[in-house]
Amino acid sequence: MVKPKISGYMSKEINLVWFRNDLRVGDNPALFYAAEQGTVIGIYLEAVEQRKLHDDAACKIGFINDSVKELRKELNQLNIPLHSFKVEDYQQSAKKIEQLVKEYQANGVFFNNEYPLNEKERDEALEKILLKQGISVNRYDGDLIIPPGSVSTGKGEPYKVFTPYKKAWIEHHKMQGASPLPRPNKQSYKVDKQSDYDFSHEYRQDLWPAGERAAQERLKEFLPKAGYYKERRDIPSVKGTSMLSPYLAAGSISARQCIEALLDWHDGDEDAFYKDTWLSEIIWREFYRQIIIDNPEISKHKVFKSDAKEVWNGQQDLFEKWCQGKTGFPLIDAAMRQLLQTGWMHNRLRMNVAMFLNKLCLIDWRQGEDFFMRHLIDGDFASNNGGWQWCSSTGADGAPYFRIMSPITQSQRFDPEGKFIRKLVPELASLSDKDIHFPSSEQREELGYPQPIIDYKEARKRALELLS
Ligand SMILES: Cc1cc2nc3c(=O)[nH]c(=O)nc-3n(C[C@H](O)[C@H](O)[C@H](O)COP(=O)(O)OP(=O)(O)OC[C@H]3O[C@@H](n4cnc5c(N)ncnc54)[C@H](O)[C@@H]3O)c2cc1C
């Protein structure tokens, strides 16, 4: 344990800032207000066993740990130290904070809220303990653009449907605004030695350079393409989306910073800004966060719609083939291989593979949700659960039960020349634009590509019968 030189902190009060999914210096309310009120000591805790319980992917953990390293560099430039420690689980996290408060003789603890149930309960328990000890607890909503509960229906209830939520969200944003906070001022003492731990780097660093600067770079690269987003966002062979999701999930960039930059890109034209499709996707992110806040049962693997039919009795070997990208449906296999190779999957494909697994193979969507968490670099409980429940028609404003994407038609429509498939399923590269979406039995034999694991028409018919 590195002891701080208390004398170096002058007479100002000492505030601990506990960083979690907010690994940035800009637009970080906990950091900003802690620095306004006193001298800041940054803390990061890696809860090793908790990560296992939450099925966090190795690539996500590696990316986050490198993001912490980058955060330390940023903080040190402001003369703010960042001490990081490994702990077992969330109970230990709370104990560690309590211990650090004592060691540093801190007056207050500052953090930005996380919304899934385990995190919420951890924070509430810690808050109680610290308040009893006379330590101030200062909580903020840095992960959301508008604070939880800012909008509700005419009856004062939380929204369950996206479109009216979005309308109310926009009205709220128009009235209240939500400008990002600046970086805090430089502190007046030099940073001493900082506690750190060893960690893995098991992620594609070539694709996902970690940290706040890299996130800002990515946003800058994306904005000139924002005008084409609506047309290109569904084409997986094209870089038509921002690929900011791992950075938003780790908090290397805030959603507020993203949309402020989008408004600037629209030259402050609010009409164009509020109609922007990319903004709409960011509002989906807010919607799913609000859903888990209002419905804590979701964090316990419950379906959102209590009357949803759960008819998942598919064969486990179908799940295995799906996981490996060997279903015999080229678009599905290309998508799953993209996930396995990069830790990320294009949104159109996430929808396709989820519906394929759940509705066509009749595998419980929760198995798919877990598999995604175990492999996604952007694994985010609210968005992942929201996406899976949307696809399986069990969720808030989910797809209607009869909406089942055809993996062949979707392939013809969104990857017409098979460019994406050719890259991810190279054994099919020699096929024509027509054949690549669903090769014949002979072509499969010849190229060493699996036969389809389901009969699409039959599977679709069966799903409709079971779900109607
Ligand atoms: C089954 C399924 C599982 C998903 N799991 C996750 C997950 O674990 N983590 C995650 O961040 N997103 C998840 N999504 C949402 C979406 O697929 C990704 O956010 C998106 O593909 C990320 O790429 P991008 O950064 O280029 O997005 P862009 O299209 O550039 O969108 C910008 C940002 O908006 C947010 N966003 C976009 N679409 C959605 C959406 N449908 N729901 C919620 N937020 C959205 C993301 O933060 C994204 O980075 C899931 C979707 C589905 C259908």
Side-chain angles (χ1 to χ4, degrees), residues 21 54-57 59-60 63 115-116 143-145 162 165-166 169 207-208 215 218-219 221-223 225-226 228-236 238-259 261-262 276-292 322 332 335-336 338-339 342-359 363 365-399 403 405 410:
N21 66 342
H54 289 178
D55 285 325
D56 284 337
C59 60
K60 176 176 151 178
F63 177 73
Y115 308 109
D143 190 33
L144 280 166
I145 298 168
F162 178 70
Y165 169 83
K166 178 181 160 187
W169 189 100
L207 300 177
W208 314 106
R218 194 154 282 207
L219 176 63
E221 269 168 37
F222 168 70
L223 284 169
K225 297 189 278 182
Y228 306 109
Y229 178 74
K230 201 173 169 184
E231 296 141 46
R232 294 188 186 166
R233 71 189 181 122
D234 280 319
I235 314 290
V238 168
K239 253 195 172 181
T241 66
S242 69
M243 298 180 87
L244 273 166
S245 50
Y247 302 91
L248 278 158
S252 308
I253 194 165
S254 75
R256 236 192 314 246
Q257 290 175 320
C258 288
I259 70 159
L262 182 68
D276 192 288
T277 312
W278 197 59
L279 172 69
S280 203
E281 294 307 309
I282 302 271
I283 304 177
W284 269 105
R285 181 179 186 273
E286 301 255 312
F287 178 63
Y288 284 141
R289 275 163 167 59
Q290 187 65 53
I291 290 287
I292 63 161
W322 178 87
I332 302 297
M336 295 305 290
Q338 181 181 41
L339 175 63
T342 68
W344 183 87
M345 193 194 290
H346 189 276
N347 180 58
R348 165 77 25 199
L349 304 177
R350 294 190 202 206
M351 294 193 283
N352 268 282
V353 302
M355 284 198 186
F356 181 89
L357 181 74
N358 178 250
K359 290 184 172 167
I363 301 288
W365 58 270
R366 281 163 279 229
Q367 280 185 246
E369 182 196 17
D370 278 359
F371 187 80
F372 263 32
M373 273 317 265
R374 280 188 270 123
H375 292 87
L376 278 174
I377 192 164
D378 66 12
D380 172 275
F381 178 74
S383 300
N384 193 38
N385 185 280
W388 276 93
Q389 293 223 45
W390 184 89
C391 292
S392 64
S393 307
T394 61
D397 201 10
R403 177 121 186 247
M405 289 173 180
Q410 290 271 311

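The model shown is predicted, which means the values in this text are computed figures rather than measured ones. All ligand and atom numbering here is 1-based and tracks the order in the structure.
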N/O to N/O below 3.5 Å, does that happen between [X] and ligand 1?
X: His346; result: no
X: Trp284; result: no
X: Ser242; result: yes
X: Leu244; result: yes
X: Tyr229; result: yes
X: Leu248; result: no

[atom] [closest protein heavy-atom partner, distance rounded to 0.1 Å]:
atom: atom 8 (O) of ligand 1; answer: Asp380 N, 3.1 Å
atom: atom 39 (C) of ligand 1; answer: Glu281 OE1, 3.7 Å
atom: atom 16 (C) of ligand 1; answer: Asn347 OD1, 3.4 Å
atom: atom 9 (N) of ligand 1; answer: Asp378 O, 2.9 Å
atom: atom 13 (C) of ligand 1; answer: Arg350 NH1, 3.3 Å
atom: atom 42 (N) of ligand 1; answer: Tyr288 CE1, 3.6 Å
atom: atom 24 (P) of ligand 1; answer: Met243 N, 3.6 Å
atom: atom 19 (O) of ligand 1; answer: Ser245 CB, 4.1 Å

Asp397/Lys166 ion pair, N-O < 4.0 Å: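 No.
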Short N-O contact, Asp380 and Lys60, less than 4.0 angstrom: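 Result for this pair is no, no salt bridge flagged.
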Side-chain donor/acceptor of [X] to backbone N/O of [Y], under 3.5 Å:
X: Trp208; Y: Thr342; result: yes
X: Ser393; Y: Ala399; result: yes
X: Asn384; Y: Glu369; result: yes
X: Arg285; Y: Ser383; result: no
X: Arg289; Y: Ala382; result: no
X: Asn21; Y: Ala250; result: no

Check against ring-ring contact (aromatic ring centres under 6.0 Å, His included), Trp278 and Phe222: CA-CA 11 Å; Trp278 197 59; Phe222 168 70; 4.8 Å; yes
Aromatic ring pairing His346/Trp344, orientation class (parallel under 30°, perpendicular over 60°, tilted between):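 Aromatic pair His346/Trp344 classed perpendicular.
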Aromatic plane relationship, Tyr165 with Phe287 - under 30° parallel, 30 to 60° tilted, over 60° perpendicular: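 Tilted: the ring planes of Phe287 and Tyr165 meet at 30° to 60°.
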Does the side chain of [Y] come within less than 4.5 Å of [X]'s, by heavy atoms?
X: Met405; Y: Arg348; answer: yes
X: Thr241; Y: Met243; answer: yes
X: Ile332; Y: Trp322; answer: yes

Check ligand 1 against [X] and write out every atom of the ligand that is under 4.0 Å from a heavy-atom position of the residue.
X: Arg285; result: 43 (C), 44 (N), 47 (O)
X: Trp344; result: 22 (C), 23 (O), 26 (O)
X: Gly379; result: 8 (O)

Taking a cutoff of less than 4.0 Å between a non-hydrogen atom of the residue and any ligand atom, is [X] in contact with ligand 1?
X: Trp278; result: yes
X: Phe222; result: no
X: Met351; result: yes
X: Gly386; result: no

Nearest option to atom 10 (C) of ligand 1, as decided by whichever heavy atom of Cys391, Ala249, Ser392, Ser383 sits closest: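 Selected option, by shortest heavy-atom distance: Ser383.
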Proximity winner for atom 5 (N) of ligand 1, if only heavy atoms of Val353, Asn384, Thr277, Ile282 are counted: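 It is Asn384 that holds the nearest heavy atom.
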Contact partition for Trp390 relative to ligand 1, non-hydrogen atoms under 4.0 Å: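 For Trp390, no heavy atom sits under 4.0 Å from ligand 1.
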